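These notes are about the structure you will find just below.
Treat the numbers as computed from the prediction; the structure is a model and nothing was measured.
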Amino acid sequence: DSGVTQTPKHLITATGQRVTLRCSPRSGDLSVYWYQQSLDQGLQFLIQYYNGEERAKGNILERFSAQQFPDLHSELNLSSLELGDSALYFCASSVDGTTWREQYFGPGTRLTVT
Amino acid sequence: AQKVTQAQTEISVVEKEDVTLDCVYETRDTTYYLFWYKQPPSGELVFLIRRNSFDEQNEISGRYSWNFQKSTSSFNFTITASQVVDSAVYFCALSEFSGNQFYFGTGTSLTVIP
């Protein structure tokens, strides 16, 4: 168990809808990262937050947004969902804002868009 | 261009055989970090190792060993006397000091046959 929690575990929704994925980092970790894993795109870095501020952006679509709250938990919002957004979404945390620290991953949220 | 290349998509070995997973990376930074992660069938990514670009010493941890060669931009991972529990997808990753991104390879799926 990495200490990173993600909810929900599974999510099924329809195209055009909006969903929110939640992540709580390990105790003491200040950074949260979001990743999307799909069969065709592999593991893609989406965005990183450090202590409430956006630190780095990867291949995140404009329909997606994230935030990190004062208690350091983070939410990833996905809107106007398309079939291609079906994927496993991982959250990871690390101790500080640098991307060269090891990251600890949560169990993931499997999103299915129908 | 791919920053991290794992040319082996799938490997199957018989239990107790040794297996090497290849990882080739590309960067212009002199300071960078390399990682290996394991993703077992349960889905959660597990951190295995981190090396920085200044430390070319090979590392051994039990049945796992890593060979880092800057001259060939490779960071290969060897499992000695493989076991069924080693069956997983293994990802190599790169983080550059100058940037704030984390690049994963496409992963190598290892199946250890009893």
Start with the C-alpha gap between Phe47(B) and Tyr104(A), add the side-chain angles, then the distance that decides, and say whether side chain to side chain contact (heavy atoms under 4.5 Å, CB included) holds. CA-CA 7 Å; Phe47(B) 165 77; Tyr104(A) 294 89; 4.3 Å; yes
Region of Gln48(A) in contact with chain B, defined by heavy-atom distances below 4.5 Å: side chain
Report yes or no: do Val19(B) and Val24(B) belong to one cluster of Ile/Leu/Val/Met/Phe/Trp/Tyr joined by side chain heavy-atom distances under 4.5 Å? no
Hydrophobic clustering (ILVMFWY, side-chain heavy atoms < 4.5 Å, transitive) - are Val13(B) and Tyr64(B) grouped together? yes
Please work out whether the ring planes of Tyr33(A) and Phe102(B) are parallel, tilted or perpendicular, with thresholds of 30° and 60°. tilted
Indicate, with yes or no, if Trp36(B) and Phe105(A) share a hydrophobic cluster defined by side-chain heavy-atom contacts under 4.5 Å among Ile, Leu, Val, Met, Phe, Trp and Tyr. no
Taking NZ in Lys57(A) as the centre, count heavy atoms belonging to other residues, nucleotides or ligands within less than 6.0 Å. Is the count above 12? no
How close do Gly106(A) and Glu44(B) get, counting heavy atoms only, and between which atoms? O-CG, 3.5 Å
With the 4.5 Å side-chain cut-off for hydrophobic clustering, are Leu11(A) and Phe64(A) part of the same group? yes
Heavy-atom count check: over 12 atoms from other residues, nucleotides or ligands less than 6.0 Å from Leu39(A) CG? no
Given a strict heavy-atom distance threshold of 4.5 Å, which part of Tyr37(B) is in contact with chain A: side chain, backbone, both, or neither? side chain
Of the listed residues (Arg110(A), Gln44(A), Gln103(A)), which shares the most heavy-atom pairs with chain B below a 4.5 Å separation? Gln103(A)
At what distance, to the nearest 0.5 angstrom, does CZ of Phe91(B) lie from CD of Gln37(A)? 4.5 Å
